[in-house]
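Reading through the structure tokens given below for one structure.
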Amino acid sequence: STNYVNAFWDGTRMTYGDGNATYKPLTSMDIAAHEVTHGLTSKTANLVYSYESGAMKEGFSDIFGTAIEFYNGVNADWLIGEDIGAAFRSMSNPNAYNQPDTYLGTLWYTGTGDNGGVHYNSGVLNYWFYLLSVGGSGTNDIGDAYNVTGLGIDKAADIAYRNLTVYLSSSSNYADARAGSIQSAVDLYGAGSVEVIAVTDAWYAVGVGAAYNPNS
């Protein structure tokens with residue numbers, strides 16, 4: 001079509017809109033990689049596109065859209081879609097785009113629109129990945145003080161990829177994503193490793209599960 005500000009994976013192929021007066025064609029590196037990841041997800045975890053599983057589906061696409069942008073060094077940052085005229089989302093500050101950074105937190109979407117908030121509640125997974133990559137500290141929406149040691153985006157992406165392709169299934173939710181990513185870190189780096197600690201503490205930071213406890 002014309003003046004089409006969207007891009008999507010339809011189950012077989014990727015489609016990219018031509019944009020409009022505000023947005024250039026939707027073919028930037030992060031958007032293209034986002035759509036490729038939807039294809040990957042459909043062939044692996046096959047997450048259902050609604051509510052928590054759908055939010056995670058969007059989140060994983062943002063994760064690998066951003067990871068590939070950093071890998072290629074093409075205007076690499078933590079924004080989604082900024083290269084076509086204006087960003088749609090921020091992984092480093094989801095709240096800036098009306099997305100939650102905490103599970104069931106202040107901006108958590110509870111309605112039925114947007115397939116149960118798939119483009120809103122993806123902010124939780126996005127912020128988890130950001131913290132896992134670069135680290136950070138603070139207090140989340142539910143009053144938990146956190147401190148996460150960043151692993152770098154390559155290790156974070158390896159853990160996220162193994163989780164998506166090995167441990168998650170169509171109806172997985174955020175609790176499942178936490179369990180799968182911790183196991184992925186164990187698989188890749190060993191039990192009790194700094195990577196396992198960081199993954200666990202990053203989930204605690206976004207309100208999913210407890211902080212790392214070596215005795216648990």
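Across all their heavy atoms, Glu69 and Ala76 have their closest contact at OE1-CA, 3.6 Å. In terms of heavy-atom proximity, Gly111 sits nearest to Tyr51 at O-CE2, 3.9 Å. Here the shortest heavy-atom pairing between Arg178 and Gly209 reads NE-CA, 3.5 Å. Scanning both residues, Ile68 and Ala33, for their nearest heavy atoms gives CD1-CB, 3.6 Å. The heavy-atom pair separating Trp9 from Ser42 by the smallest distance is NE1-OG, 3.7 Å. For Val124 against Tyr103, the heavy-atom pair with the smallest separation is CG2-N, 3.7 Å.
Looking only at side-chain heavy atoms (C-beta outward), Val196 and Ile182 come within less than 4.5 Å of each other. Contact check for Asp30 versus Glu82: side-chain heavy atoms found under the 4.5 Å cut-off. Side-chain contact between Val118 and Met56 is absent, with no heavy-atom pair separated by less than 4.5 Å. With a 4.5 Å cut-off on side-chain heavy atoms, Glu58 and Asn121 do not count as touching. At least one side-chain heavy atom of Met91 sits less than 4.5 Å from a side-chain heavy atom of Thr66. With contacts defined as side-chain heavy-atom distances shorter than 4.5 Å, the pair Leu40/Leu164 qualifies. Under the 4.5 Å side-chain criterion, counting only non-hydrogen atoms from C-beta, Ile159 is in contact with Val199. Under the 4.5 Å side-chain criterion, counting only non-hydrogen atoms from C-beta, Arg89 is in contact with Asp62.
With hydrophobic clusters built from ILVMFWY side chains whose heavy atoms lie under 4.5 angstrom apart, Leu79 does not share a cluster with Val134. Leu188 and Val166 fall into different hydrophobic clusters, defined by Ile, Leu, Val, Met, Phe, Trp and Tyr side-chain heavy atoms under 4.5 Å apart, directly or through other members. Grouping the Ile, Leu, Val, Met, Phe, Trp and Tyr side chains by contacts below 4.5 angstrom, directly or via other members, places Tyr167 apart from Tyr161. In the hydrophobic clustering of this structure, Phe70 groups with Ile80; members are Ile, Leu, Val, Met, Phe, Trp, Tyr whose side-chain heavy atoms approach within less than 4.5 Å, directly or through other members. Taking hydrophobic clusters as Ile, Leu, Val, Met, Phe, Trp and Tyr residues chained together by side-chain heavy-atom distances below 4.5 Å, Val208 shares a cluster with Leu104.
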Check step by step if side chain to side chain contact (heavy atoms under 4.5 Å, CB included) holds for Ile153 and Phe129.
-> CA-CA 8 Å; Ile153 194 169; Phe129 184 77; 3.8 Å; yes
Begin from the C-alpha positions of Trp128 and Val148 and carry the test side chain to side chain contact (heavy atoms under 4.5 Å, CB included) through to its verdict.
-> CA-CA 10 Å; Trp128 167 82; Val148 181; over 6 Å; no
Passes side chain to side chain contact (heavy atoms under 4.5 Å, CB included), Thr102 versus Ile142? Steps please.
-> CA-CA 8 Å; Thr102 306; Ile142 56 177; 4.2 Å; yes
Carefully, step by step, assess Asn20 and Tyr4 under the rule side chain to side chain contact (heavy atoms under 4.5 Å, CB included).
-> CA-CA 7 Å; Asn20 59 16; Tyr4 186 65; over 6 Å; no
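Taking CG from Asp141 and CG from Leu107, the interatomic distance works out to 7.0 Å, rounded to the nearest 0.5 Å. Taking NZ of Lys43 as the start and CG of Asn46 as the end, the distance is 9.0 Å to the nearest 0.5 Å. To the nearest 0.5 Å, atoms CG (Asn6) and CG (Leu26) are separated by 7.0 Å. Rounding to the nearest 0.5 Å places OG of Ser53 at 6.0 Å from CG of Leu47. One finds the CG atom of Asp83 at 8.0 Å from the CD1 atom of Ile31 (value rounded to the nearest 0.5 Å). Taking CG of Asp201 as the reference point, atom CG of Leu131 lies at 10.5 Å (rounded to 0.5 Å).
Note on ring orientation: taking the six-membered ring where Trp is involved, the planes of Phe60 and Phe64 are parallel (angle under 30°, cut-offs 30° and 60°). Between His34 and His38, the ring-plane angle classifies as perpendicular under the 30° and 60° cut-offs. The aromatic rings of Tyr109 and Tyr120 lie parallel to each other, with less than 30° between the two planes, well short of the 60° mark.
Looking at Asp187 and Gln183, their side chains do bring a donor and an acceptor atom within 3.5 Å of each other. Side chains of Ser61 and Glu35: no donor on one and acceptor on the other come within 3.5 Å.
No close placement of the Tyr212 and Trp203 rings is indicated, their centers lying 6.0 Å or farther apart.
Of the possible polar contacts, none joining the Asp114 side chain to the Gly116 backbone as a donor-acceptor pair under 3.5 Å is found. Judged by distance alone, with hydrogens and angles left aside, the side-chain atoms of Ser184 form a donor-acceptor pair with the main-chain N or O of Asn163 at under 3.5 Å. Proximity of a side-chain donor or acceptor of Glu195 to a complementary backbone N or O of Tyr189 within less than 3.5 Å is not detected.
Screening Tyr97, Tyr130, Tyr127 for a ring-ring contact (aromatic ring centres under 6.0 Å, His included) involving Trp78 leaves a single residue, Tyr130.
By the 6.0 Å contact criterion, OH on Tyr71 is open, its count of non-hydrogen atoms from other residues, nucleotides or ligands being 12 or less.
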